[in-house]
There are 2 protein chains.
Amino acid sequence: MQKYSGQKRMLVATDCIIFGFDGWNIKLLLVQRGLEPEKHKWSLMGGFIQPSESPDDAANRVLELRTGLKNVYMEQFQVFGQPGRDPVERTLSIAYFALIDIHQYEKQLSEEYHPEWFLLDEMPDLIFDHVEMVRLAKRQLRYKAALHPILFQLLPEKFTIPQLQALYEGVYQTKFDDRNFSRKLLSTGLLVKQPEKDKLSSKKGAFYYKLDQSHYEENFESFLNLVPNPEKFF
Amino acid sequence: MQKYSGQKRMLVATDCIIFGFDGWNIKLLLVQRGLEPEKHKWSLMGGFIQPSESPDDAANRVLELRTGLKNVYMEQFQVFGQPGRDPVERTLSIAYFALIDIHQYEKQLSEEYHPEWFLLDEMPDLIFDHVEMVRLAKRQLRYKAALHPILFQLLPEKFTIPQLQALYEGVYQTKFDDRNFSRKLLSTGLLVKQPEKDKLSSKKGAFYYKLDQSHYEENFESFLNLVPNPEKFF
DNA sequence: GTAAATTCTTGTAAAATCGACACTAAATAA
DNA sequence: TTATTTAGTGTCGATTTTACAAGAATTTAC
C-alpha cells in the first residue's frame, strides 16, 4: 500500500451522547471509563474507530456493545479535535447523539460496563471535554427538535399526547398550552389513534397513539412548529 | 508520552466546499490536485490536519493558503470516513463549507495552485468522494440559508435587495415574488439603507444596503422566512 | 350513589402572518 | 416629452397562531 509521507496519523474515536426519557425527565447515559488515565471517572460512551469501520459503524458498534440496542436514532453532530483534549495522545472524537426509549433499554442492559442514567442537572464531572460535548448536544437536540419530529424516538411505540408534551416541556424547560399543543400535533397527520387508553397517569386516561411510519419518513424534512418561538431557547 | 496501545492511527484531512456568487450564479472553487494519485484531477481544497492544529485551524489555514482569504464564514458539516474513500491509505475527511465574496477573492488570488471557479452544473469530475461532498454541501447550504441569514456572506459589504434576491433565487433555483421578498427582508431589521444607489444593473437604480452587524450577530440564531416552503427544496 | 375533582380533548374568536396581485416612483432612452 | 424599465410600497383575503372557554370521561370522597 502506498502512503502519504511526512504526515502525522492520529487516533479517531466516536463519543455518543445518549438521551433517554423516563416519562418525567430527560436523562443521560454515562459509563465509568475502563482504561487509564481517568479510569473509573464518568464518561460518554465512546471507542476508537477500527480500520474496517466508517465513523457511523463505530458509533453503532459502541452503542450496541454498551447498551445492547440496535437501530437507534443517531446523528453525527460535531468533531472535537483540540490538540490537547486527550492528554495521552492526539485523539479526534466524532460526537454523536442518540435518542432511545429508556424502558426498552432497561430490559437489554449490558451489565459489563455498569452504565447509569443521570438527570441533566445532576451530571457528575466528566473526562476530557465531555462536558462541552454534552452542552452542545443539548443545544443541537433543542435545535433539531424544534424543526423535526425527532423526539418521538425517546418514547415507546405507543404513547399519549400528554406524554409527548411532557417530553417537549422537559427538553425546553417550559410549559406549553395543552390545548394548542395537542391540536398542533394532531394536525401534522403524523399520529394514528389507537383504540386503548393509558389509564396509569391520569383519571380520565389519554388515548394511545402510534407514529404513522410512512408519513413520518416522508415528512421528516418538512418543518414543524410544535415549539413556539424556538429561538428563545438556544 | 503515554500511548493507547493496539489501536490504529489514521490520517485526518479537512476539505472545504467554497461557494461564491458572481451576481448571477453560484460557483464553486476547485483546484487541481497537486499530488499522486489522481494528480491534476480536480478536487476540493483540502489538507491534512497538523499536530498543533484543531480541525477548524486546519480548514482556515488551507483556505488562506489557497485563496489568501481570512475571516471567512465557514462551517463544519460532516465527516466523511468510509474506509476505502482514499485508495492510498485510510484517511478521514472533515468537510467544511465556506461562503466568500467572489470579487473580494479575485483580488487576492493565490496563483500557485491555479484554482478555478465552476458553475454548479458545469462541475468536472472530482477525486474520491468529493462529488458527494459537494452534493451534501449544497443541501446543507439550502437548509441553513432557509433558516438563517448566511447568504449575506456571499455578497460585498454593500449590496442591493435585487442582488440578494438573485442570490436566493440562484441557491433555490426558482423565482421569488420581488415585492414580497423585499418587504420580508426589510422587516427583519437586518439592513441599513445607504444613501447611494447602484446604477449599473438597472435604470432606476436600487439603494445599497449594509448589514447591521450587531443586529445580525444577535439575531443569527432566530429563524427567518425569506424562502417560502423551504422543505420543497431538500 | 351523588357530587367534586382531575385532566384530556374539542371550540372559538382575535391577532398575526403570508402570499397574490396592483400600483407608484425613479430614472433613462428615444 | 413620452415610453420603458424596474425598485419598492400598498392592499386585501386566506391561512396560521395564540389565548382562553367549555365539554367530556373518569375516579375519588363522603
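As the structure is a computational prediction, the values presented were derived from the model and not from experiment.
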Exam field: side chain B:Arg66 to backbone B:Pro115, donor-acceptor pair closer than 3.5 Å
no
Any side-chain heavy atom of A:Met123 within less than 4.5 Å of one from A:Leu30?
yes
Do the side-chain N or O atoms of A:Lys199 get closer than 4.0 angstrom to the phosphate oxygens (OP1, OP2) of D:dA25?
no
salt_bridge(A:Arg135, A:Glu132) N-O dist < 4.0 Å
yes
Can you list, pair by pair, the side-chain donor-acceptor contacts under 3.5 Å of residues 74-82 of chain B, counting residues two or more places apart and other chains?
from	atom 1	to	atom 2	distance (Å)
B:Glu75	OE1	B:Tyr73	OH	2.5
B:Glu75	OE1	B:Lys144	NZ	3.4
B:Glu75	OE2	B:Lys144	NZ	3.4

All N/O pairs under 3.5 Å across the protein-nucleotides 3-8 of chain D interface:
from	atom 1	to	atom 2	distance (Å)
D:dA7	N3	B:Lys204	NZ	2.5
D:dG8	OP1	B:Phe207	N	3.3

Looking at B:Glu221 and A:Arg139, does any basic side-chain N land under 4.0 Å from a carboxylate oxygen?
yes
Distance in angstrom units between A:Lys184 NZ and C:dT10 P, rounded
17 Å
Centroid-centroid distance, A:Phe159 to A:Tyr208, less than 6.0 Å
no
So if I take every side-chain heavy atom of A:Lys197 and compare against D:dA19, C:dA20, D:dT26, which nucleotide ends up nearest?
D:dT26
Hey, does B:Asn225 reach any base, or is it just sugar-phosphate, or nothing, if we go heavy atoms under 4.0 Å?
sugar-phosphate
Looking only at D:dC20, C:dC18, C:dC21, the nucleotide nearest the B:Asn180 side chain is C:dC21
